Number of protein chains: 2
Amino acid sequence: MPTKRKRVTLEDVARAAGVSAMTVSRVINHTGRISPATRQHVSEVIEQLGYRPSRAARTLVTAKTGMIGVVVPDITNPYFAEIVHGIEDVAWEAEYSVLLANTNENPAREAAVLSQLDDAAVDGLIPVSSRLPDETLLPLLKQHRAVVTINRQFPRVASCVRPRHGYGFRAYQSALYLAHAGHERIGYINLQRSLINMQIETLIERMAEHNITIRREWCATCLPTWEAGYQTGHVLLAEHPELTAIIAGNDLVALGVMRAAIELGRRIPHDLALIGGDDILLASQVTPPLTTFRVPKYEIGASAARLLFARMDGDLSYQEYLYEEEFIPRGSAP
Amino acid sequence: MPTKRKRVTLEDVARAAGVSAMTVSRVINHTGRISPATRQHVSEVIEQLGYRPSRAARTLVTAKTGMIGVVVPDITNPYFAEIVHGIEDVAWEAEYSVLLANTNENPAREAAVLSQLDDAAVDGLIPVSSRLPDETLLPLLKQHRAVVTINRQFPRVASCVRPRHGYGFRAYQSALYLAHAGHERIGYINLQRSLINMQIETLIERMAEHNITIRREWCATCLPTWEAGYQTGHVLLAEHPELTAIIAGNDLVALGVMRAAIELGRRIPHDLALIGGDDILLASQVTPPLTTFRVPKYEIGASAARLLFARMDGDLSYQEYLYEEEFIPRGSAP
DNA sequence: GAGTCAAGAGTTAGCGTTAACCCTTGCACT
DNA sequence: AGTGCAAGGGTTAACGCTAACTCTTGACTC
């Protein structure tokens with residue numbers, strides 16, 4: 001049985017240093033006026049006793065936790081991992097900790113996570129690509145002192161960081177690009193539960209305005225994972241061998257389709273052109289490399305964190321950081 | 001200026017329900033004996049007032065935070081992202097939150113993170129593939145009530161989850177495999193700061209026992225990232241065009257080397273064979289697909305979390321979960 | 001009918017900090 | 001000498017919750 005070493009409290013330090021607890025508190029927090037001599041002395045005692053302030057006690061009295069919450073649909077998706085990386089770096093600089101929640105692309109779990117992660121648990125919140133509908137998400141965000149959304153917009157409640165055009169515009173641009181390259185039978189794979197992407201019908205209508213026909217049956221919806229893309233690719237290509245190009249909502253899905261296409265004996269891009277959506281590392285490394293849109297994921301995360309700290313500091317003005325998506329033509333759709 | 005809505009406290013609920021604070025506390029925590037009628041009534045009042053317990057206050061008195069700390073070298077490395085995924089799922093089941101810290105492969109930052117993340121900040125800790133030397137890491141782990149390490153071993157202090165053989169054995173096996181395939185000039189790229197991998201000299205010696213020569217100048221060390229592998233690959237192949245095979249510490253590095261090799265006009269596997277180390281998604285998707293070792297990343301994370309909860313529940317016996325690495329021969333080294 | 005016991009509550013006393021206020025000095029200025 | 005004031009530091013009272021007791025009742029035992 002190891003000796004139950006008791007926590008060193010502020011009081012202990014105060015006693016040992018021969019000062020009041022408040023003085024020690026002031027030394028630690030660099031608040032109030034302390035003479036250099038006292039500061040020095042107290043610091044030494046703190047060092048010697050190995051005192052560490054209790055986060056919980058501090059939180060209880062200041063109502064600040066020193067933590068920010070980050071909610072992502074899927075941490076294994078490189079797109080989100082990069083964003084989290086950016087957030088974490090900025091949080092580290094600001095001496096904040098990151099409470100990470102992964103929702104596994106499950107809206108129910110996301111709602112549960114968000115209602116647990118209230119304003120008492122974290123000082124600020126960054127929901128990344130929330131999969132919840134506005135009417136569910138909004139009240140959950142309102143609980144919080146400070147929120148910055150990524151890939152969603154709630155001007156009254158949160159600042160926002162996102163690619164300028166979003167999935168919808170990318171799909172639109174991809175379709176135009178493919179049409180100009182001569183493709184006449186273009187399929188589109190929409191991302192399930194992603195609420196800001198272009199609906200299939202909208203894409204069809206908008207392309208019709210350009211006299212480009214996209215048939216409803218050439219389109220599908222799936223989860224934004226590689227496996228889902230792979231399965232959907234198999235199904236879509238089996239049912240519609242006439243397709244000469246497919247646009248996917250993101251890179252993982254596009255790469256899943258690419259694998260399916262290769263297994264079905266399609267040569268890319270000769271038999272099938274493919275366009276993805278966020279330029280993860282994987283996209284540039286496959287053969288042929290994937291045509292996609294570059295999105296500055298790390299910077300999006302970092303900016304969101306900076307905006308969040310601004311909000312937490314009381315700047316409640318609505319800020320919107322838009323990042324340009326850069327079209328990256330590569331081998332899969334030259 | 002919005003009305004500063006005050007937090008609903010346990011006391012408020014107690015008053016509204018006409019019972020004592022303790023009764024409410026017991027209802028919430030399902031402790032003690034409460035009559036069904038009282039429980040029902042209190043629950044309704046809680047619901048009605050929208051009461052949510054304060055984590056901080058609870059932590060202050062129970063000395064439990066409801067959080068576990070997870071420290072990873074690089075969340076954008078799919079290997080770690082998968083492990084975190086596993087941890088997060090199990091933590092979620094257990095109603096625990098995950099405090100994630102990313103150290104960016106920087107040992108100084110890792111040390112700083114670990115000393116901040118003391119036993120008052122989290123109830124348990126999972127350091128994943130720590131890059132710190134034993135003598136630095138050990139005292140930092142001792143601060144904690146419960147620790148489970150991944151890819152490191154400290155039997156007195158923490159349970160451990162890891163692949164059975166580790167980088168060293170994989171390098172050894174890869175070298176044997178390549179030698180049997182007829183390769184005589186095999187290079188090895190060691191992972192910098194990874195402390196459980198085989199040292200270059202050790203590999204050279206052990207291969208010498210099999211009459212296989214690996215020259216010191218055919219070996220290099222780099223960070224476990226794609227970029228580092230890419231650069232190292234360029235350098236190594238430029239300086240030693242005689243190499244017919246390269247073994248890398250992990251998949252990202254191997255894939256970086258693959259890219260470099262392709263740029264240098266090497267055909268893989270004909271001119272250069274490549275073997276990686278952890279079977280990330282990317283490995284199976286490149287052309288040719290990468291020969292590597294499958295490691296059950298999600299399961300490693302999930303097991304570690306389960307072991308951690310066991311430790312937190314007081315089971316301090318040393319547990320070691322070993323996962324078999326499965327050699328996956330693919331196109332890059334058939 | 002006194003004693004026993006358990007169910008179902010209530011009471012008290014912190015947990016470790018900091019906000020907000022209060023108290024001493026010493027010194028400059030009139 | 002009296003006044004004013006700032007520097008440096010102390011006191012007190014929460015913050016919201018739960019551990020550990022205590023108290024009251026009614027049912028059951030012998």
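Nothing here was measured: the structure is a model prediction, and the numbers come from that model. Reminder, nothing fancy here: chain letters follow the sequence lines and each chain counts from 1.
Contact check, R33(B) against dA7(C): a side-chain N or O comes under 4.0 Å of OP1 or OP2. Side-chain nitrogen and oxygen atoms of T62(A) include none within less than 4.0 Å of the OP1 or OP2 phosphate oxygen of dT17(C). At the phosphate of dG9(D), OP1 or OP2 sits under 4.0 Å from a side-chain N or O atom of S35(A). Using a 4.0 Å cut-off, no side-chain N or O of T23(A) falls inside it from OP1 or OP2 of dG9(D).
Between E93(B) and R109(A), none of the side-chain N atoms (NZ, or NE/NH1/NH2) sits under 4.0 Å from a carboxylate O, so this pair counts as no salt bridge. Ion pairing between a basic and an acidic side chain is recognised when a charged N comes within 4.0 Å of a carboxylate O; D123(B) and R311(B) show no such pairing. Ion pairing between a basic and an acidic side chain is recognised when a charged N comes within 4.0 Å of a carboxylate O; D134(A) and R152(A) show such pairing.
Residue-to-nucleotide proximity on DNA chain C shows that, of G18(B) and A57(B), the 5′-proximal contact is made by G18(B). Closest-nucleotide positions on DNA chain D for A21(A) and P36(A) were compared, and the one nearer the 5' end corresponds to P36(A). Remark on DNA chain C: of its neighbouring residues L60(B) and I34(B), the 5'-side contact belongs to I34(B), judged by nearest-heavy-atom nucleotide.
Judged by distance alone with a 3.5 Å cut-off, a donor-acceptor contact links the side chain of R26(B) to the base of dG10(C). Interface remark: the R39(B) side chain does not form any donor-acceptor pair with the dG8(C) base, using a distance-only criterion of under 3.5 Å.
Closest to the side chain of M22(B), from the set dT12(D), dG10(C), dC17(D), is dG10(C).
Taking the six-membered ring for Trp and thresholds of 30 and 60 degrees, H85(B) and Y298(B) have ring planes more than 60 degrees apart, a perpendicular arrangement.
I28(A) has its CD1 atom 6 Å from the P atom of dT18(C), to the nearest Å. When the C1' atom of dG8(C) is taken as reference, atom NE2 of H41(B) falls 16 Å away, rounded to whole Å. The CD atom of E11(B) sits 12 Å away from the C1' atom of dT12(C) (whole-angstrom rounding). What separates CG of L10(A) from P of dG16(C) is a distance of 11 Å, to the nearest Å. Atom CG of D12(A) is separated from atom C1' of dG16(C) by 10 Å (rounded to the nearest Å). What separates CZ of R58(A) from C1' of dC15(C) is a distance of 16 Å, to the nearest Å. Computed from coordinates, the R15(B) CZ to dG10(C) P distance equals 14 Å when rounded to whole Å.
Among the protein residues, S20(B) comes within range of the nucleic acid bases, having at least one heavy atom under 4.0 Å from a base atom. The residue T38(B) sits close only to the backbone: its heavy atoms come under 4.0 Å of sugar-phosphate atoms, none of a base.
Under the 3.5 Å distance criterion, with hydrogens and angles disregarded, no donor-acceptor pair is assigned to the side chains of E88(B) and Y96(B).
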